[in-house]
Amino acid sequence: SNHELILPQVLAPAELDPPVYGDTIFREIESALRRRTYFGSRLRERYRDRLDAHVAAVAERSADLGARHVPVDTGEDFFDSFVRVWSA
């Protein structure tokens, strides 16, 4: 049989480009952990570099498993995302 394994990686717009700047309190969604920090341009750049590395690592692991990695931005139109995930 001919099957394709697809691994969508779902990312929210706020994960891709946090809508904050300056003195900020971040709250972890899965727990009650809160952290206050200054989210300036340097920390934003480090955050983006780490996010890009994470997405690349997921893509690499997907390839190792024979899966097609498809990042999905929840801010995109649902049907556009759906077509991109399921089209070849």
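Remember, it's a predicted structure, so these values are computed and weren't measured experimentally. We're numbering straight along the sequence, starting at 1.
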Worksheet item: How many angstroms lie between CG in Leu33 and CZ in Arg27, if you round to the nearest 0.5 Å?
Response: 10.5 Å
Worksheet, complete the sentence: Here the gap from Arg46 atom CZ to Arg50 atom CZ, rounded to the nearest 0.5 Å, amounts to 7.5 Å
Worksheet item: Is it true that Ile25 and Val20 fall in one hydrophobic cluster, defined by side-chain heavy atoms closer than 4.5 Å?
Response: no
Worksheet item: According to a 4.5 Å side-chain heavy-atom criterion applied to Ile, Leu, Val, Met, Phe, Trp and Tyr, with indirect links allowed, do Leu11 and Val85 form part of one hydrophobic cluster?
Response: no
Response to the item:
Here the salt bridge (charged side-chain N to carboxylate O under 4.0 Å, His left out) pairs for residues 54-65, sequence neighbours left out, are none
[X] versus [Y]: any side-chain heavy-atom pair under 4.5 Å?
X	Y	result
Arg44	Pro18	yes
Leu7	Val70	no
Val55	Gln9	yes
Val10	Asp73	no
Ser62	Val58	yes
Thr74	Pro13	yes

Worksheet item: Got a sec, which pairs hit ring-ring contact (aromatic ring centres under 6.0 Å, His included) with one end in residues 13-33, sequence neighbours left out?
Response: Phe26-Phe39
Worksheet item: Which is it for Phe79 and Arg84 under the side chain to side chain contact (heavy atoms under 4.5 Å, CB included) test, yes or no, and what are the steps along the way?
Response: CA-CA 9 Å; Phe79 292 105; Arg84 197 165 40 79; over 6 Å; no
Worksheet entry | Donor-acceptor contact below 3.5 Å, side chain Arg68 vs main chain Ala63 | no
Worksheet item: Does the Arg48 side chain pair with the main chain of Leu16, one donor and one acceptor, at a distance under 3.5 Å?
Response: yes
Practice prompt. Return each pair, listed once, that meets side-chain hydrogen bond (donor to acceptor under 3.5 Å, both in side chains) where at least one residue sits in residues 34-43; pairs must be two or more places apart or across chains.
Written response: Asp23-Arg36
Item to complete: Answer yes or no: does atom CD of Glu28 have more than 12 heavy-atom neighbours from other residues, nucleotides or ligands under 6.0 Å?
Response: yes
